Amino acid sequence: MNRPRKSRQSLDVEPSTTFEEDYLDIDHWPRAWRVESEDFALGKVMVDLFKVFLTHQLTLARSRKTLRVHRGNLRALGGQIIRLLHEKPSLQKRGILRVLLETIDDDGGPIVYPALTESEQRSFDSTCRLLHRFTSLG
């Protein structure tokens, strides 16, 4: 028996996104971080910086697993920055990028809440160190 063949036309469905497109699809993060409506604009500024960093990471031929880890850590960092701004409202006067750059350094990033495992915190700190070096180059 012959199997019914599908026409080419039925095979022409929308192509799936590439890894790179999916990897850089972070525009929805500010909504997840938002506590108050003003947080959305602050989150957008961070996302714009994170996209440049993530794009740079793609050029370094890192493994997909490593890229996903860095992406996840940046999402956590953005949430931590927004949380920090609500805990210390005086920081909002400094501007989101300045607060971000003062929060990360050569030692890593802030302690994440809710608490991460020691291994997860080391991974998070590694991403923060890379971001710190990347932003210091400019």
Side-chain angles (χ1 to χ4, degrees):
M1 288 185 74
N2 290 340
R3 290 178 28 187
R5 292 180 12 169
K6 293 184 179 182
S7 71
R8 272 186 186 251
Q9 195 172 24
S10 68
L11 294 176
D12 291 336
V13 294
E14 283 192 40
S16 63
T17 59
T18 65
F19 173 79
E20 291 80 8
E21 290 170 330
D22 187 47
Y23 173 73
L24 294 173
D25 182 22
I26 63 173
D27 292 325
H28 58 280
W29 287 2
R31 278 189 179 66
W33 296 331
R34 184 182 70 213
V35 175
E36 296 177 1
S37 59
E38 298 83 30
D39 298 338
F40 185 77
L42 301 173
K44 278 289 292 159
V45 173
M46 278 194 291
V47 161
D48 290 343
L49 173 66
F50 290 170
K51 271 192 176 183
V52 174
F53 173 74
L54 290 171
T55 301
H56 174 70
Q57 293 301 303
L58 280 171
T59 67
L60 300 177
R62 300 192 188 282
S63 75
R64 286 183 176 195
K65 180 180 177 183
T66 299
L67 291 170
R68 283 187 194 107
V69 167
H70 288 316
R71 183 181 188 267
N73 288 337
L74 288 177
R75 183 172 182 164
L77 176 61
Q80 287 302 116
I81 298 298
I82 296 297
R83 185 177 67 78
L84 181 64
L85 290 171
H86 284 277
E87 287 178 356
K88 299 178 183 176
S90 62
L91 292 177
Q92 291 180 7
K93 295 175 185 170
R94 294 184 183 174
I96 191 71
L97 289 179
R98 185 170 173 200
V99 170
L100 172 66
L101 297 176
E102 289 174 356
T103 304
I104 61 174
D105 58 26
D106 286 330
D107 292 329
I111 301 297
V112 177
Y113 179 82
L116 300 174
T117 66
E118 189 175 325
S119 171
E120 291 168 333
Q121 185 68 45
R122 277 195 311 269
S123 172
F124 178 77
D125 288 338
S126 173
T127 300
C128 290
R129 282 191 295 273
L130 283 174
L131 180 61
H132 179 260
R133 278 186 235 129
F134 178 77
T135 56
S136 298
L137 295 175

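Sequence positions, counted from 1, serve as the residue numbers for this chain. Computed from a predicted model, the values in this text were never measured in an experiment.
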Where is the tightest heavy-atom contact between [X] and [Y], given as atom of each residue plus distance?
X: Arg71; Y: Asp25; result: NH2-O, 2.8 Å
X: Leu77; Y: Phe124; result: N-CE1, 3.6 Å
X: Gly109; Y: Gln121; result: O-NE2, 4.5 Å
X: Thr66; Y: Arg62; result: CG2-CD, 4.0 Å
X: Gly108; Y: Cys128; result: C-CB, 3.5 Å

I'd like to know whether Asp27 forms a side-chain contact (heavy atoms from CB on, under 4.5 Å) with Lys51, so could you lay out the CA-CA distance, the side-chain angles of the two residues, the decisive distance to 0.1 Å, and finally the verdict. CA-CA 9 Å; Asp27 292 325; Lys51 271 192 176 183; 3.0 Å; yes

Give, for atom [atom1] of [X] and atom [atom2] of [Y], the distance between the pair rounded to the nearest 0.5 Å.
X: Gln80; Y: Leu74; atom1: CD; atom2: CG; answer: 13.0 Å
X: Glu36; Y: Arg34; atom1: CD; atom2: CZ; answer: 11.0 Å
X: Leu131; Y: Leu101; atom1: CG; atom2: CG; answer: 7.5 Å
X: Phe50; Y: Leu100; atom1: CZ; atom2: CG; answer: 5.5 Å
X: His56; Y: Leu58; atom1: NE2; atom2: CG; answer: 10.5 Å
X: Arg98; Y: Gln92; atom1: CZ; atom2: CD; answer: 14.5 Å

Apply the test side-chain contact (heavy atoms from CB on, under 4.5 Å) to residues Thr135 and Phe53: give CA-CA distance (whole Å), side-chain angles for both, the deciding distance (0.1 Å), then the verdict. CA-CA 8 Å; Thr135 56; Phe53 173 74; over 6 Å; no

Between [X] and [Y], is there a shared hydrophobic cluster once you connect ILVMFWY residues whose side-chain heavy atoms come closer than 4.5 Å?
X: Val35; Y: Val112; result: yes
X: Leu42; Y: Phe40; result: no
X: Val52; Y: Ile104; result: yes

Does a sphere of radius 6.0 Å around CD in Glu118 hold more than 12 heavy atoms from other residues, nucleotides or ligands, not counting ones at 6.0 Å or beyond?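 Result for CD/Glu118: open.
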
Ile96 and Met46: CA distance, side-chain angles, deciding distance, side-chain contact (heavy atoms from CB on, under 4.5 Å) verdict: CA-CA 7 Å; Ile96 191 71; Met46 278 194 291; 3.8 Å; yes

Quick one: list whatever passes ring-ring contact (aromatic ring centres under 6.0 Å, His included) with [X], sequence neighbours left out.
X: Tyr23; result: Phe19
X: Tyr113; result: none
X: His86; result: none

Would you say [X]'s side chain and [Y]'s backbone share a donor-acceptor pair under 3.5 angstrom?
X: Arg129; Y: Asp107; value: yes
X: Trp33; Y: Arg75; value: yes
X: Asp48; Y: Val45; value: no

Should Val69 and Asn73 be marked as a side-chain contact (heavy atoms from CB on, under 4.5 Å) after you check the CA-CA gap, both sets of side-chain angles, and the distance that decides it? CA-CA 6 Å; Val69 167; Asn73 288 337; 3.6 Å; yes

